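Just so it is clear, the structure is predicted and the values come from calculations on it, not from any experiment.
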Amino acid sequence: MATKTPSQMERSINTIIDVFHRHSRKEGNDDTLSKKEFKDMVRTDLATFLKKEKRNEAVINDILEDLDTNLDNQLSFEECMMLMAKLIFACHEALHKNNPRGHDHSHGKGCGK
Ligand SMILES: [Zn+2]
């Protein structure tokens with residue numbers, strides 16, 4: 001039976017969309033991330049997962065260029081979600097590396113670097 005309150009997974013999806021919008025609304029097109037908005041998002045909302053990357057301007061630029069598949073210097077929601085997919089895969093890998101014995105993900109070091 002479906003419940004009225006969103007599940008934890010649904011809330012996590014909503015949070016990803018909310019955070020994207022919080023940054024995408026700051027300047028230019030309300031639904032895309034400029035280079036500056038992308039950097040702000042990496043520094044404030046991916047600070048642990050991208051700890052090394054956030055300190056290195058050149059690396060952030062490389063990530064942005066990789067994601068910007070239509071080369072318009074903006075990241076659409078779809079383009080930005082390619083990074084989320086990579087982070088989710090990397091995070092799952094790291095969880096198992098940090099806690100190789102099982103699927104009790106909560107007792108490992110987590111997946112931040
Ligand atoms: Zn797993």
Practice problem: Answer yes or no: does atom CE of Met84 have more than 12 heavy-atom neighbours from other residues, nucleotides or ligands under 6.0 Å? | Solution: yes
Exercise. Check the pair Asn70 / Asp68 against side chain to side chain contact (heavy atoms under 4.5 Å, CB included), numbers first and verdict last.
Key: CA-CA 6 Å; Asn70 72 346; Asp68 181 20; 3.0 Å; yes
Self-check item: Straight-line distance of Thr69 OG1 to Glu79 CD, nearest 0.5 Å
Solution: 4.0 Å
Quiz item: Any donor-acceptor pair under 3.5 Å linking the side chain of Glu65 with the backbone of Asp62?
Solution: no
Quiz prompt | Verdict with supporting geometry, Leu46 and Leu87, side chain to side chain contact (heavy atoms under 4.5 Å, CB included) | solution = CA-CA 10 Å; Leu46 293 169; Leu87 286 175; 3.7 Å; yes
Quiz item: So, are Glu57 and Lys36 salt-bridged, with charged N and O less than 4.0 Å apart?
Solution: no
Exercise. Hey, could you give me the NZ/CZ distance between Lys51 and Arg55, rounded to the nearest 0.5 Å?
Key: 7.5 Å
Exercise. Calculate, to the nearest 0.5 Å, the distance between atoms NZ and CD1 belonging to Lys86 and Ile63 respectively.
Key: 8.5 Å
Quiz item: When hydrophobic residues are tied together by side-chain contacts of less than 4.5 Å, even through go-betweens, does Met81 share a cluster with Ile88?
Solution: no
Quiz item: Out of curiosity, His23 NE2 to Leu33 CG, how far, rounded to the nearest 0.5 Å?
Solution: 8.0 Å
Quiz item: Around atom CD of Glu27, are there more than 12 heavy atoms of other residues, nucleotides or ligands at under 6.0 Å?
Solution: yes
Self-check item: Check against side chain to side chain contact (heavy atoms under 4.5 Å, CB included), Thr32 and Ser24
Solution: CA-CA 5 Å; Thr32 62; Ser24 72; 5.9 Å; no
Quiz prompt | Nearest atoms (heavy-atom pairs only) where Met41 meets Cys80 | solution = CE-SG, 3.8 Å
Quiz item: If you look at every heavy atom in Lys35 and Leu64, which pair is closest and at what distance?
Solution: CA-CD1, 3.8 Å
Quiz item: Glu10 side chain to Ser7 main-chain N or O, any donor-acceptor pair under 3.5 Å?
Solution: yes
Quiz item: How many angstroms lie between atom CG of Leu83 and atom CG of Leu50, to the nearest 0.5 angstrom?
Solution: 6.0 Å
Quiz item: Do you know which of Lys26, Lys39, Gln74 makes side-chain contact (heavy atoms from CB on, under 4.5 Å) with Ser34?
Solution: Gln74
Exercise. Before giving the answer on side chain to side chain contact (heavy atoms under 4.5 Å, CB included), spell out for Ile60 and Arg43 the whole-Å C-alpha distance, their side-chain angles and the decisive distance to 0.1 Å.
Key: CA-CA 10 Å; Ile60 293 186; Arg43 290 200 182 109; 4.3 Å; yes
Show me the donor-acceptor pairs, under 3.5 Å and distance only, between side chains in residues 14-21 and residues at least two apart or in other chains.
from	atom 1	to	atom 2	distance (Å)
Thr15	OG1	Arg11	O	2.8
His21	NE2	Asp31	OD1	3.0

